[in-house]
Every structure is written in structure tokens, then in C-alpha cells.
Amino acid sequence: MFGFIRPMKSELRVREADRFQQVYCGLCHAIRARYGRFYTLFLSYDMTFYALVTGGDRADTAPPCRRRCDAHPLIPRPCAAPDGALERAADVSVLLTYHKFRDSLADEKGAKRALAWLLCRLGRRGYRRARERLPEADREVVAALDDLRALERERCDSMDRAADASARMTAAVVPRTGDDRERVLRQMFYHVGRWVYLLDAAQDVAEDLGQGSYNPVVLRYGLRTPDLTEIREPLERTLERSLADICMAYDLLDFGRDAELVRNIIFLGMPLVTKQVLDGTYQTNGGRGKHGSL
């Protein structure tokens, strides 16, 4: 994932902002404990959201613990206590991150391709471990990636077909419980993946136009310049359709914890990021340039 999924900080209560940061830090420690330091470099707010949602059915929240890390070596920081949701999120983070490396290796050229090759080499051992823990999810992700690459090769101008392939990857990593909750979560994360893919495509229009790279937004609307003004309305509508389905899925889920925090992210944070990307005002980490800063 790409870091688009984050709360609207100005509307968070202090305890909710603290909880989001604690889960972020707890996930970082879970990745490090299960896979080493390398994959902690690719931790994102998106996977923090995944941990909050998939662990939201738990009835209680364990008190946070205080731990040091490479980013904060002197003063221990409060972080969420280890649990199954964080461990699952760590596995999913590694699985999706490695496949993003592989996708970059197939798509990029020159120095970027060399970097992708290096990242694949460095991340291969961790990926194999994650694949052993999530074999079914890995098979679905690989199949969806193959479909997406086929669409890229034929320069498919259908945003829905390209976004569907990407959305199936995020739906694939939902915990398999065989109940109604799994069905609703798969629907939610399908549309999360669709929204992220199309928003990333909109964000990358200028770069992809310059490099001649595949971009379904460029092809669908026949763009010759990176200006999104003329296509903003239809593009916003298709993004809002996925956001509406995500909101509907949220309303069908029973949360034992973190309900208001997740609601803030879905109903406020994601629409705000949509607006910022389409306006050209989006900045990673709010422009602060600090790893993990809300």
C-alpha cells in the first residue's frame, strides 16, 4: 500500500491520536520481531489501518508497553502490546511489500530497476517466511498481479479492470474465518485496494506522462498534460463510489475497540486525501517528512 490511509488529525481525540501512534509503533516492533529490521523501513499508515480494522472485533485493549527502537533509541515510546492482529498485519505488510518490489522490477528501467532488484534480493528471505504463513493469500496476490501485468502490456484503458486486479490483492489478505465478518472485510478491503490504486494513478499522472509509463487514468481520458481539472468530477465520482462501499462495510462490522478511530479514517481521512490528491496539495506525512508522524 501507499500511505494514503490516515486519520484526519484535527478531528481526533487525544486518546485516539495516541492509540493510532501506538498501533503504528506496535506494528513496527511486530515486523522487526518476525522479519528483522529491513521490512520496518516500509511500514505505512495503510497497514496500521489494516491492523486496526482486522483487530477491531476484540473486546478489550491491552495497556500499551514502552519500548525503544532505532528511530527512538534513547527514550522508550508507548506502543500497542503484541497480539494476533499485529502479527497478522506484520505478515501481510511483508507479503505486499515484496510483491510491490517485484512489480517495480518488472516495470522500471535504469537505476530504479536496479534498486528494485536489490530490494527483492534483500527482502526474499522475509517474503518466503510470510508466504509460508499466508499461502492462500500469496497465491491470490500472485494471480491478481499476473492479471494486472497483462492489462499493462495491452495498455488497457479501463480503469475498472486495472483497479479490480489491484483490489483483489487487498481483499486476498483478509483473515479467513469463514463467517459474515470475513465477507464484509473482503468487500471493504476490495474497495480500499481499488481506491488506493486509482488515487495512486491520479497522483502519478505527471510522472507517468513524462516517462510513458502505464497509467489507466491517462489512457481512459486521453490526457496530454498532467492537469486534472477537466476530468476531476468523473474521477472524483468513481473514487467516491469505493469510499461509499467502504463506509457501508464499516457500518456492517461490530467493533469491540477502535471504532471511532477507524470511523475517523474512513469517513474523514480518506475523503480528505482524495480531495488533496485531486487538488494537487497532497503531501506525505502532512509535509513533515518525518517517519511515522501524524
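Source: prediction; values computed, not measured.
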task = Give the intermediate values and the outcome of side chain to side chain donor-acceptor pair (under 3.5 Å) for residues R37 and T40.
result = CA-CA 5 Å; R37 284 181 168 85; T40 65; over 6 Å; no
inquiry  = If you apply the rule side-chain contact (heavy atoms from CB on, under 4.5 Å), what do you find for M188 with L252, and how did you get there?
reply    = CA-CA 10 Å; M188 173 184 278; L252 292 172; over 6 Å; no
Stepwise side chain to side chain donor-acceptor pair (under 3.5 Å) test for Y35 and D91 = CA-CA 9 Å; Y35 297 98; D91 298 338; 2.6 Å; yes
request  = For D107 and Y214, run side chain to side chain donor-acceptor pair (under 3.5 Å): C-alpha distance rounded to whole Å, both residues' side-chain angles, the deciding distance at 0.1 Å, then the answer.
outcome  = CA-CA 9 Å; D107 293 342; Y214 175 74; over 6 Å; no
key: Worked verdict on V142 versus H99 for side-chain contact (heavy atoms from CB on, under 4.5 Å)   = CA-CA 8 Å; V142 169; H99 282 301; 3.5 Å; yes
query = Stepwise, does the ring pair (Phe, Tyr, Trp, His ring centres under 6.0 Å) test hold for Y250 with F267?
reply = CA-CA 10 Å; Y250 170 86; F267 286 82; 5.7 Å; yes
request  = Verify side-chain contact (heavy atoms from CB on, under 4.5 Å) between Y98 and R124, making sure each step is shown before the conclusion.
outcome  = CA-CA 8 Å; Y98 181 80; R124 186 177 301 167; 4.2 Å; yes
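Contact check on D160 versus R194 returns a salt bridge, with a Lys/Arg side-chain nitrogen under 4.0 Å from an Asp/Glu carboxylate oxygen. Salt-bridge formation is detected for the pair R257/D83: a Lys NZ or Arg NE/NH1/NH2 atom is positioned less than 4.0 Å from an Asp or Glu carboxylate oxygen. Between R128 and E132 there is no salt bridge, since none of the side-chain N atoms of the basic residue sits less than 4.0 Å from a carboxylate O of the acidic one. At a threshold of 4.0 Å, the pair R241-D245 does not count as salt-bridged, since none of the basic side-chain nitrogens sits closer than that to a carboxylate oxygen.
Residues R68 and L74 form no side-chain contact, since every pair of their non-hydrogen atoms from C-beta on lies 4.5 Å or further apart. No side-chain heavy atom of N215 sits less than 4.5 Å from a side-chain heavy atom of E207. The shortest distance between side-chain heavy atoms of C79 and C65 falls below 4.5 Å. M248 places none of its side-chain heavy atoms less than 4.5 Å from the side chain of H191. Side-chain contact check for R139 versus E136: some heavy-atom pair is nearer than 4.5 Å. Residues R102 and L145 form no side-chain contact, since every pair of their non-hydrogen atoms from C-beta on lies 4.5 Å or further apart. Two residues are said to be in side-chain contact when any heavy atoms from C-beta on lie closer than 4.5 Å; R67 and P76 fail this criterion.
A donor-acceptor pair under 3.5 Å is absent between the side-chain atoms of E182 and the main chain of R176, judged by distance alone. A donor-acceptor pair under 3.5 Å is formed between the side chain of R129 and the backbone N or O of R34. With hydrogens and angles ignored, the 3.5 Å screen pairs a side-chain donor or acceptor of T48 with a backbone N or O of S44. S93 places no side-chain N or O within 3.5 Å of a backbone atom of A89 that could act as its donor or acceptor partner. Judged purely by atom type and a 3.5 angstrom limit, D46 uses its side chain to pair as donor or acceptor with the backbone of G3. The backbone N or O of F189 lies less than 3.5 Å from a partner atom in the side chain of T170, making a donor-acceptor pair. In terms of modelled atom types and a separation under 3.5 Å, the side chain of D208 and the main chain of S213 share no donor-acceptor contact.
Within a 6.0 Å sphere centred on CZ of R224, other residues, nucleotides and ligands contribute 12 heavy atoms or fewer. The environment of CZ in R232 is crowded: more than 12 heavy-atom neighbours from other residues, nucleotides or ligands sit within 6.0 Å. Summarising the local packing, CG of D70 is surrounded by more than 12 heavy atoms from other residues, nucleotides or ligands at distances under 6.0 Å.
Between F101 and Y39, the ring planes are parallel. Angles under 30° get that label, and only those over 60° would be called perpendicular. Taking the six-membered ring where the residue is Trp, F4 and W195 present perpendicular rings, their angle passing 60° and hence far from 30°.
Checking Y50 against R88 by side-chain atom types alone, a donor-acceptor pair falls below 3.5 Å.
Under the rule for a salt bridge (Lys or Arg N to Asp or Glu O under 4.0 Å), D227 has no partner lying at least two apart in sequence or in another chain.
A side chain to side chain contact (heavy atoms under 4.5 Å, CB included) with V192 is found for one member of L243, I266, I246, V53 and no other, namely I246.
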